[in-house]
Amino acid sequence: MSLHDSMVADFTAEINNTDSIQGLYNVKVRYLGKKGLISELNKRLGEISPEKRPEAGAEIQKVRLLFEELYGRKEAELKTAERNTTLFSEKLDITMPGVSAPSGSLNPVYKIYDEIISIFGAMGYDVATGPEAELEYYNFEALNMPKWHPARDMQDTFYLSENVVMRTHTSPVQIRTMLKQKPPVRIIAPGKVYRSDYDMTHSPMFHQVEGLLVDKNVSMADLKGTLAHFVRQMFGSDIPVRFRASYFPFTEPSMEVDMGCVMCGGGGCRVCKGAGWLEIAGSGMVAPEVLKAVHVNVHKYSGFAFGMGIERIAMIKYGIDDLRLFFENNLKFICQF
Ligand code: DAH
């Protein structure tokens, strides 16, 4: 075996035993580097007789090319193996479901809010709005609640200035609507209202929906039919509804609307305090004083109005006994609906 043959055998064995790019590179340096074996052989060509030199030089060159080729092949092989290893260890299953960001849910008060709008919407009612900071005149006076009225007590009402209050009910939207629009008027006005009160059943901010219908020949039968229809749409067709004489300054006559207790079916329980009935709205025929305040001809037109608490409807519908839960924004509570 010539010197070259044994070198080729050594080189081949070394690179075959190498399993890393770095190791392979080290072999390359030793054989093909500036101070490597091939360079060494080239330097020693001088020691050979001039006639034999070209042949020897060509022989070295052949070996060098062979080494480079073997090296190149091994390097490609190792790089492929290395890439396969990384690809395998970093395996990504693109069919796995993604992780979605946690999402909240509509507050149950607003679920009911939307439902009320759609029930009355189906009966042809438009949605009207008004400001939450309201003129005392629209909130009280125009609704036939003069200065001496007990509901105007400083304890119930948030005053912003001498004649501006946070509206204590949605009834002022009746006034604003009738000042803008001649009869026939058929609106509901849902929104926030404010009272200085806080316990299990009272919150300083809560939601009401006002209803108002003014037209020719409107009677109490229309009011009763409308509210009974609403209760059946919201709570089920088998729920009884009753109307009880009451008093509101802005209606005459006035009625309280009760529905059969959904908890006990009318037998009497803790929720209805043994009565078998739940109070859900105030209502009545719009008082002539109110119609006059907005310049509606009381000889030509009559109307009915009603107002109810949206939280109250939500509490009954979902069986919630603490009003404050609606406002704490606890996702565990809110996401149940
Ligand atoms: N505004 C009343 C309240 O806040 C509710 C109400 C009662 C509204 C009777 C009406 C009505 O329109 O006719 O307690």
Side-chain angles (χ1 to χ4, degrees), residues 116 120 125-132 134-146 149-153 155-158 165-179 183 185-197 201-215 218-228 230-231 241-259 278-291 293-294 296 301-313 315 323:
I116 293 173
F120 283 99
Y125 284 72
D126 290 327
V127 173
T129 54
E132 291 169 23
E134 182 58 284
L135 288 173
E136 196 184 27
Y137 176 78
Y138 292 149
N139 194 80
F140 294 128
E141 252 114 58
L143 288 161
N144 195 30
M145 288 163 99
H149 200 280
R152 298 185 56 165
D153 197 313
Q155 286 173 353
D156 299 327
T157 309
F158 291 115
V165 300
M166 291 309 288
R167 66 179 181 189
T168 57
H169 52 180
T170 43
S171 303
V173 184
Q174 286 189 33
I175 303 301
R176 289 183 171 271
T177 305
M178 288 189 284
L179 283 175
V185 168
R186 184 159 44 178
I187 55 123
I188 54 165
K192 292 183 166 75
V193 299
Y194 301 83
R195 289 183 199 176
S196 180
D197 221 343
T201 51
H202 296 93
S203 154
M205 185 284 291
F206 61 104
H207 298 77
Q208 279 189 339
V209 58
E210 192 77 12
L212 174 71
L213 184 142
V214 182
D215 205 347
V218 177
S219 76
M220 213 135 97
D222 299 312
L223 167 60
K224 292 177 77 172
T226 302
L227 289 178
F230 166 74
V231 170
V241 180
R242 78 176 183 187
F243 297 80
R244 215 165 10 91
S246 184
Y247 170 77
F248 298 102
F250 30 86
T251 43
E252 180 57 41
S254 302
M255 298 181 298
E256 210 87 57
V257 186
D258 296 343
M259 59 179 267
L278 298 167
E279 222 177 274
I280 55 155
S283 69
M285 301 306 291
V286 181
E289 291 86 346
V290 173
L291 293 175
V294 294
V296 169
Y301 294 107
S302 56
F304 65 72
F306 57 87
M308 56 194 154
I310 299 182
E311 282 80 2
R312 172 125 181 103
I313 304 289
M315 286 170 90
L323 178 75

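These numbers were taken from a predicted model, which means no experiment stands behind them. Start at 1 and go down the list; that is how both ligands and their atoms are numbered.
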Please enumerate all residues that pass side-chain contact (heavy atoms from CB on, under 4.5 Å) together with [X], with sequence neighbours excluded.
X: Pro253; answer: Met220, Met285
X: Arg242; answer: Arg244, Asp258, Trp277
X: Glu289; answer: Asn144, Ala287

Ring centres under 6.0 angstrom apart (His169, Phe250):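 For His169 and Phe250, the ring centres are under 6.0 Å apart.
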
Hey, do the aromatic rings of Tyr125 and Phe230 have their centres closer than 6.0 Å?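 Ring centres of Phe230 and Tyr125 not closer than 6.0 Å.
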
Tabulate distances under 3.5 Å between N/O atoms of ligand 1 and N/O atoms of the protein, writing both atom names on each line.
from     : atom 1 : to     : atom 2 : distance (Å)
ligand 1 : 1 (N)  : His169 : ND1    : 2.9
ligand 1 : 1 (N)  : Ser171 : OG     : 3.0
ligand 1 : 4 (O)  : Arg195 : NH2    : 2.8
ligand 1 : 4 (O)  : Gln208 : NE2    : 2.9
ligand 1 : 12 (O) : Gln174 : NE2    : 3.1
ligand 1 : 12 (O) : Glu210 : OE2    : 2.6
ligand 1 : 12 (O) : Phe306 : N      : 3.4
ligand 1 : 12 (O) : Phe306 : O      : 3.3
ligand 1 : 13 (O) : Ala305 : O      : 3.2

What pair of heavy atoms forms the shortest contact from Phe306 to Ser283, and how long is it?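 Minimum heavy-atom contact is CB-CB, 3.7 Å.
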
